[in-house]
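Quick caveat, the model's predicted, so the values are computed rather than measured.
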Amino acid sequence: QVQLVESGGGLVQAGGSLRLSCTASGRTFSTYAMGWFRQAPGKEREFVAGISSGGVNTYYADSVKGRFTISRDNAKNAKNTVYLQMNSLKPEDTAVYYCAARALYSSAHSNPGQYDYWGQGTQVTVSS
């Protein structure tokens, strides 16, 4: 079982930045592909960014490409953490952000149904 805990959400003005963190329990973090998703009120959960297990390949939704950066720390004795650096935030980025782990595959996926473990979410609110 993997437990994921997100942090770093908050209230920020449009144009500002936030960095989300997702810390995973367990010793197999480096074998999981990871993804960030978000869900705004009344909308379906949508893919934001993904990163392969080794951290070499990254994927982004068109709506965040060039503004958001996903990264992970797989190093020995590292914190088992995946990050989402969000710059140039817009009001439409307002949502609850979730991280997710894909246990059986090394590559990330944009379909939330392909992920096995989820965090509890962290709220990001961007004011205009």
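Residue pairs meeting the salt bridge (charged side-chain N to carboxylate O under 4.0 Å, His left out) criterion with at least one member in residues 107-128: none, sequence neighbours excluded. Here disulfide (SG to SG under 2.5 Å) pairs that include residues 32-72, with residues two or more places apart or in two chains, number zero. Contacts classified as side chain to side chain donor-acceptor pair (under 3.5 Å) and involving residues 99-109 (residues at least two apart or in different chains) are given here: Arg102-Gln114. Within the structure, ring-ring contact (aromatic ring centres under 6.0 Å, His included) pairs that include any residue of residues 41-69 comprise Phe37-Phe47 (at least two apart or interchain). Applying the salt bridge (charged side-chain N to carboxylate O under 4.0 Å, His left out) definition to pairs two or more places apart or across chains, those involving residues 51-63 are Asp62-Lys65.
Across all non-hydrogen atoms, the minimal contact from Ala24 to Phe29 is CB-CD1, 3.5 Å. Closest heavy-atom contact between Gly113 and Asn111: N-OD1, 2.8 Å. Summarising the geometry of Val126 relative to Asp93, their closest heavy-atom pair is CG2-CB, 4.3 Å, with the distance given to 0.1 Å. What you find for Ile70 and Met34 is that their closest heavy atoms are CD1-O, 4.2 Å. Shown here for Tyr32 and Ala101, the closest heavy-atom pair between the two residues is CD1-CB, 4.1 Å.
Note: Asp73 CG to Tyr83 OH = 5.5 Å, rounded to the nearest 0.5 Å. To the nearest 0.5 Å, atom CG of residue Leu20 and atom CH2 of residue Trp36 are 4.5 Å apart. Atoms OG and CD, on Ser21 and Gln85 in that order, are 9.5 Å from each other to the nearest 0.5 Å. Distance check, rounded to the nearest 0.5 Å: SG of Cys22 to CZ of Arg72 gives 10.0 Å. Interatomic distance, CG of Leu84 versus OG1 of Thr122, reported as 11.0 Å (0.5 Å rounding). Rounded to the nearest 0.5 angstrom, Asn57 CG and Ile51 CD1 are separated by 9.0 Å.
Judged as a side-chain hydrogen bond (donor to acceptor under 3.5 Å, both in side chains), and not counting sequence neighbours, Glu92 has no contacts. When the side-chain contact (heavy atoms from CB on, under 4.5 Å) test is applied to Ser63, the partners found at least two apart in sequence or on another chain are Arg38, Ala61. Taking Thr125 as the reference, Gln123 meet the side-chain hydrogen bond (donor to acceptor under 3.5 Å, both in side chains) condition, with sequence neighbours excluded. With sequence neighbours excluded, the residues that form a side-chain hydrogen bond (donor to acceptor under 3.5 Å, both in side chains) with Thr81 are Thr23. For Asn80, there are no side-chain hydrogen bond (donor to acceptor under 3.5 Å, both in side chains) partners at least two apart in sequence or on another chain. For Arg19, there are no salt bridge (charged side-chain N to carboxylate O under 4.0 Å, His left out) partners, not counting sequence neighbours.
Side chain of Ser128 to main chain of Pro91: no donor-acceptor pair is present (N/O by atom type, distance under 3.5 Å, no hydrogens or angles).
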Side-chain donor/acceptor pairs under 3.5 Å, residues 4-17, sequence neighbours excluded:
unit_1	atom_1	unit_2	atom_2	d
Glu6	OE1	Gln120	N	3.0
Glu6	OE1	Gln120	NE2	3.4
Glu6	OE1	Gly121	N	2.8
Glu6	OE2	Cys99	N	2.9
Glu6	OE2	Gly121	N	3.3
Ser17	OG	Asn87	OD1	2.9

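In the hydrophobic clustering of this structure, Val2 groups with Val82; members are Ile, Leu, Val, Met, Phe, Trp, Tyr whose side-chain heavy atoms approach within less than 4.5 Å, directly or through other members.
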| request: Show your reasoning for whether side-chain contact (heavy atoms from CB on, under 4.5 Å) applies to Met86 and Val124. | output: CA-CA 10 Å; Met86 305 186 296; Val124 172; 3.9 Å; yes
